[in-house]
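The structure under discussion appears below in the form of structure tokens.
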Amino acid sequence: MKLLSKKVKSNAHGQDSSYFLGWQEYEKNPYNEVRNPRGIIQMGLAENQLSFDLLESWLAQNPDAVGFKKNGESIFKELALFQDYHGLPAFKNALAEFMEEIRGNKVRLDSENLVLTAGATSANETLIFCLADPGDAFLLPTPYYPGFDRDLKWRTGVEIVSIQCNSSNGFRITGSALEEAYQEAERRNLKVKGVLVTNPSNPLGITLSLHELNLLVDFIDAKGIHLISDEIYSGLVFNLPDFVSIMEVLMNKNYMNTQIWNQIHLVYSLSKDLGIPGFRVGAIYSSNEMVVSAATKMSSFGLVSSQTQYLLSAMLSDKKFTKTYVSENRKRLKHRQEMLIRGLGNAGIGCLKSNAGLFCWVDMRHLLSSNTFEAEMEIWKKIIYEVGLNISPGSSCHCPEPGWFRVCFANMSEEALNHAMQRINVFVNSECKTNVNGHIGNQFWNKTLRRKSLANWVFRQSFHDYKCQR
């Protein structure tokens, strides 16, 4: 151990969070309808698997893109030798136009301001390296994605200070919460370099309101700090209100080419909107020339392959396809979210009203034995080990109130989701009968398997090969 670095020996990566522990338990005992009917169903994976048929149909109709050909001639050698970290111009142009389409064509994005990265994880960390020094701080509204403790802090040495948001106003950002977080950082002798938000929110599944966005712009302007807007879920808004990008706010305020224009940076990825996290395609968008220059050099540590860029440039340049895909994918997400809300509602469980994303923010406070995070962990362990569902406890997202959970709905078949809802229904009924502290044991499983047999569920996929995505 003495031969290793402090970073290797530290636990600052956050892998001991219950968010990641739930993943480990799932991987030990993954559900399979035939081989392992008592296994854990993965509901902690924010992955979009609802529209692969649309992607596969496009691939079948475009063999040249798949075969790395242009006008029938192979360009494999050209792509295999391409190493420019600025990226393929055709892909950057197509990506910028797709981002504009997702934002309702209300913004104009210059592809020269894009920096390609190996996913949003890399994009966020690269921006932190560009904007802050070790020991500086970024403010994040709670609850936030558990992986940020790793992505933003582990290698950069930057600290996170929470902007405390709570259920009294639907976890909305307020001016007082922003100021209190800033003052808390000062009390801890931390220099605040910026605010980072996810819009739409992970884990809340809501879009930031225009009021919140204006509040953030005014706040970072007054403090002379940066704002990072992680818009990785921007194409997954399926209910009103519509998504409003931070770039739209800046343009409406006529802030182009001003100082604040250089203080705001956008993160994007195709992992969620296209459902291709394995392709590792992310991007930074910034009008700050020094940030773009430095981030481009840093991107050498996590490039997007030229083959991936070529394939996706062809796909994203097909405007008929992208329009159809975005529209149909949103319809499917809305249907799937309604299934989850209805299933939870049948069990007496409510959710925060949401309009976006791949998950719901689920309220199980009434199931806690006490209003404590210890009680939250008790119920979470029952749901993992007895019910057989991996969901993410609110404490892993730094939620200030115990009893909230993130539950994903787009990474499984409809049959699997229905079966998960059946399990949770039996669990809640059993909890009520045993006054929360009772044990379910074989009674739970006998009821679950008997109902499953009657329903004759036929699953279309297994859950063996998932990798941890946010």
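Any value given below was found using the heavy atoms of this structure, including those in side chains, with hydrogens, waters and symmetry copies removed.
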Query raised in the report: Hey, do the aromatic rings of W58 and Y325 have their centres closer than 6.0 Å?
Result: no
Euclidean distance, [Y] [atom2] relative to [X] [atom1], rounded to 0.5 Å:
{"X": "H226", "Y": "K193", "atom1": "NE2", "atom2": "NZ", "answer": "6.0 Å"}
{"X": "D136", "Y": "L131", "atom1": "CG", "atom2": "CG", "answer": "10.0 Å"}
{"X": "L367", "Y": "F427", "atom1": "CG", "atom2": "CZ", "answer": "6.5 Å"}
{"X": "T372", "Y": "M377", "atom1": "OG1", "atom2": "CE", "answer": "11.0 Å"}
{"X": "S234", "Y": "K272", "atom1": "OG", "atom2": "NZ", "answer": "12.5 Å"}
{"X": "L368", "Y": "E374", "atom1": "CG", "atom2": "CD", "answer": "11.0 Å"}

Considering only heavy atoms from C-beta outward, does the side chain of [X] approach that of [Y] to under 4.5 Å?
{"X": "E125", "Y": "T117", "value": "no"}
{"X": "S395", "Y": "W380", "value": "no"}
{"X": "V197", "Y": "I246", "value": "no"}
{"X": "Q307", "Y": "L311", "value": "no"}
{"X": "I173", "Y": "L178", "value": "yes"}
{"X": "I206", "Y": "N355", "value": "yes"}
{"X": "I232", "Y": "T198", "value": "no"}
{"X": "L358", "Y": "C408", "value": "no"}

Quick one: closest heavy-atom pair of [X] and [Y], and the distance?
{"X": "S229", "Y": "N199", "value": "OG-CB, 4.3 Å"}
{"X": "Q309", "Y": "V304", "value": "NE2-O, 2.9 Å"}
{"X": "G388", "Y": "R423", "value": "O-NH1, 2.8 Å"}
{"X": "S51", "Y": "N329", "value": "OG-OD1, 2.8 Å"}
{"X": "T142", "Y": "Q164", "value": "OG1-CA, 3.6 Å"}
{"X": "C360", "Y": "Q337", "value": "SG-CG, 3.7 Å"}

Requested in this report: Step by step, work out the side chain to side chain contact (heavy atoms under 4.5 Å, CB included) result for L312 and F279.
Outcome: CA-CA 10 Å; L312 293 178; F279 278 40; 4.0 Å; yes
Can you tell me how the ring of [X] sits relative to the ring of [Y], calling it parallel under 30°, perpendicular over 60° and tilted otherwise?
{"X": "Y144", "Y": "F148", "answer": "tilted"}
{"X": "Y19", "Y": "Y145", "answer": "perpendicular"}
{"X": "F238", "Y": "F409", "answer": "perpendicular"}
{"X": "F76", "Y": "F68", "answer": "tilted"}

Requested in this report: Answer yes or no on whether R103 is positioned over the face of Y268, meaning its NZ or CZ is under 6.0 Å from the six-membered ring centre and within 45° of the axis.
Outcome: yes
Report summary line: When N411, I341, L417 are each screened for side chain to side chain contact (heavy atoms under 4.5 Å, CB included) with R336, the one that passes is L417
Look at the side chain of [X] and the backbone N and O of [Y], then say whether any donor-acceptor pair between them is shorter than 3.5 Å.
{"X": "K334", "Y": "N239", "result": "no"}
{"X": "E25", "Y": "I384", "result": "no"}
{"X": "N32", "Y": "R35", "result": "yes"}
{"X": "D151", "Y": "T121", "result": "no"}
{"X": "S299", "Y": "T296", "result": "yes"}
{"X": "H366", "Y": "G348", "result": "yes"}
{"X": "S313", "Y": "Y310", "result": "yes"}
{"X": "K92", "Y": "H86", "result": "yes"}
{"X": "S327", "Y": "T324", "result": "no"}
{"X": "N425", "Y": "M421", "result": "no"}

Query - L114 vs M99, side chain to side chain contact (heavy atoms under 4.5 Å, CB included): CA-CA, chis, key distance, verdict - result: CA-CA 11 Å; L114 278 174; M99 291 169 67; 4.1 Å; yes
Query raised in the report: For atom NZ of K7, is the number of surrounding heavy atoms from other residues, nucleotides or ligands below 6.0 Å larger than 12?
Result: yes
**Report entry** CZ (R155) with more than 12 external heavy atoms under 6.0 Å
**Finding:** no
Requested in this report: With side chain to side chain contact (heavy atoms under 4.5 Å, CB included) as the test, would you mind laying out the steps for I391 and M364 before giving the verdict?
Outcome: CA-CA 12 Å; I391 63 177; M364 297 191 190; 4.0 Å; yes
Requested in this report: Answer yes when K382 and E378 have at least one side-chain N-carboxylate O distance shorter than 4.0 Å, and no when they do not.
Outcome: no
Query - I160/H398 under side chain to side chain contact (heavy atoms under 4.5 Å, CB included): CA gap, chis, key distance, verdict - result: CA-CA 11 Å; I160 293 175; H398 299 271; over 6 Å; no
Query - Q42 and N390 side chains, donor-acceptor separation under 3.5 Å - result: yes
